[in-house]
Protein chains: 2
Amino acid sequence: MAKTDVLTLAILGMLSEQPLHGYQLRKQLGSELGAFRALSYGSLYPALKRMVGSGLIAADANEAEDAHAATSRRSRIAYRLTDEGKKRLADELASAGASSWDDDAFDVRFSMFDKTDSATRLRILEGRRSRLAERLEEVSESMQQRRERNDAYTTELQRHGLERVEREVQWLDQLIETERSAPGGNTKAATGGENN
Amino acid sequence: MAKTDVLTLAILGMLSEQPLHGYQLRKQLGSELGAFRALSYGSLYPALKRMVGSGLIAADANEAEDAHAATSRRSRIAYRLTDEGKKRLADELASAGASSWDDDAFDVRFSMFDKTDSATRLRILEGRRSRLAERLEEVSESMQQRRERNDAYTTELQRHGLERVEREVQWLDQLIETERSAPGGNTKAATGGENN
DNA sequence: AAACCGTTGTATCGGCGCGATACATCGAGT
DNA sequence: ACTCGATGTATCGCGCCGATACAACGGTTT
């Protein structure tokens, strides 16, 4: 079982909505996710090539929907999911990821929550939460130990880092609670509350 | 003028306190900074090798302070700054970094604030602040544009990301204000206190 | 019409960071 | 004596990033 890295998963998710060119793919990933804020072509194109190689996606080279301009045409390649790609995505969406708990991986996984069932959502949220709790433990412990040795600025930096993680945990707690109290939400409509 | 990358700068800073082995260096960097939380040996040792090559640091291979055990001895290498390394660090500390505004670079630079004068501190804080403000602009703009197209979870992810950056800005504002009202702090002693 | 320029679009290269892995020694506990 | 964890150095493959190059398209300016 080849394991699916974060970028591959993100691309699978994007392409499941509609076929896209590399260029468009990059823009979408950049604007939609926190991760991949500035995904470089040096990562993207090789990744696409890998995915074509492993049969997850296919490259449709420039099919003109308008028949009138047959010649010329600048080179553009639209990528779409293959059946194998769809299967892989479905597997991944059902699996709670095992490693959906890293900073980037969680973001990607979270942005696909509307494609997942409530149970899986909860497992991911809780996994992420406990991962952050661990880090909280580690960091605050090492802060205690070296409290004397550090200067004021380093201490402040650590304190701020800690606070950021704590707030992340609070955010997760909120999401977990919402998910528990409204488990029915399979697709679309869940978090925001009742603004629409 | 060879430019100094983040890792190199962090190592220079660490070694300016005392000579250290690669192993110790890694632990210190991991616990002290937010960046380099889990710096790998695959990055560290090559970096040290590069720095020796460019003359910034020197490697003292295992000088036994106890003379009695002459043979055996496990291999340990203590690294220390050369004069050139000290000069490079001083230059870097005075320069406000030009690129001390990335996430990681800022953390490293901030942890060395007690080695810098107040004017430089302010310039770095303000540089970082305006960098974050830019990002704030971009993200909230792209949120407006794609508000309709995104599902609730993606929207929530973006909202949370935005909030995190906003809080970061508030933190910086606080630091800037403190720095302005108490500019005297040149070295050691700023917020925390004077324990030694 | 010609010149310019920003956006769309594909692609590669060198350098570097990461995770895994290997190997070796030391001190302490059972 | 044996195991186990911490200390310590080192490398390999692979993926990512930043820079860079090339090219065609659409729009505005002159």
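Hydrogens, waters and symmetry mates are skipped; everything else that's a heavy atom, side chains included, is used. In this text the structure is predicted, and so the values were computed from the model without any measurement. Every chain is numbered from 1 and lettered A, B, ... according to where its sequence line falls, protein lines coming before strand lines.
A/Arg26 places its CZ atom 11 Å from the C1' atom of D/dG18, with the value rounded to the nearest Å. The nearest whole Å value for the distance from the CG atom in A/Leu48 to the C1' atom in D/dC16 is 14 Å. To the nearest angstrom, C1' of D/dA24 lies 14 Å from NE2 of A/His21. Counting to the nearest Å, the P atom of D/dA10 and the CG atom of B/Leu25 are 13 Å from each other. If you take CG of B/Asp104 and C1' of D/dG18, they are 16 Å apart, rounded to a whole angstrom. One interatomic measurement links the two molecules: OH of B/Tyr23 to P of C/dA24, which rounds to 18 Å at whole-angstrom precision. C/dC18 atom P lies 18 Å from atom CG of A/Leu7, rounded to whole Å. Taking atom CG of B/Asp5 as the reference point, atom P of C/dC18 lies 11 Å away to the nearest angstrom.
Contact between the side-chain N/O atoms of B/Lys27 and the OP1/OP2 oxygens of D/dT7 is found at a separation under 4.0 Å. Contact annotation: A/Tyr41 does not reach the phosphate of C/dA11 (side-chain N/O to OP1 or OP2, under 4.0 Å). Contact annotation: B/Ser40 side-chain N/O to C/dG17 OP1/OP2 distance is not under 4.0 Å. Between A/Lys49 and C/dT12 there is a side-chain N or O to OP1 or OP2 distance below 4.0 Å. Contact annotation: A/Arg50 side-chain N/O to D/dC16 OP1/OP2 distance is under 4.0 Å. Contact check, A/Tyr45 against C/dA11: no side-chain N or O comes under 4.0 Å of OP1 or OP2.
No side-chain heavy atom of B/Phe113 sits under 4.5 Å from any side-chain heavy atom of A/Leu157. Two residues are said to be in side-chain contact when any heavy atoms from C-beta on lie closer than 4.5 Å; A/Leu56 and A/Leu81 fail this criterion. Annotation: side chain of A/Arg109 is not in contact with side chain of A/Asp104 (no heavy-atom distance under 4.5 Å).
Mapping B/Gly22 and A/Leu44 onto DNA chain D by nearest heavy atom places B/Gly22 at the nucleotide closer to the 5' end.
Aromatic ring centroids of A/Trp171 and A/Phe110 lie under 6.0 Å apart.
Heavy atoms of A/Gly42 sit under 4.0 angstrom from at least one base atom.
With A/Arg128 as reference, A/Asp103 is the one residue of A/Asp102, A/Asp173, A/Asp107, A/Asp103 to meet the salt bridge (charged side-chain N to carboxylate O under 4.0 Å, His left out) rule.
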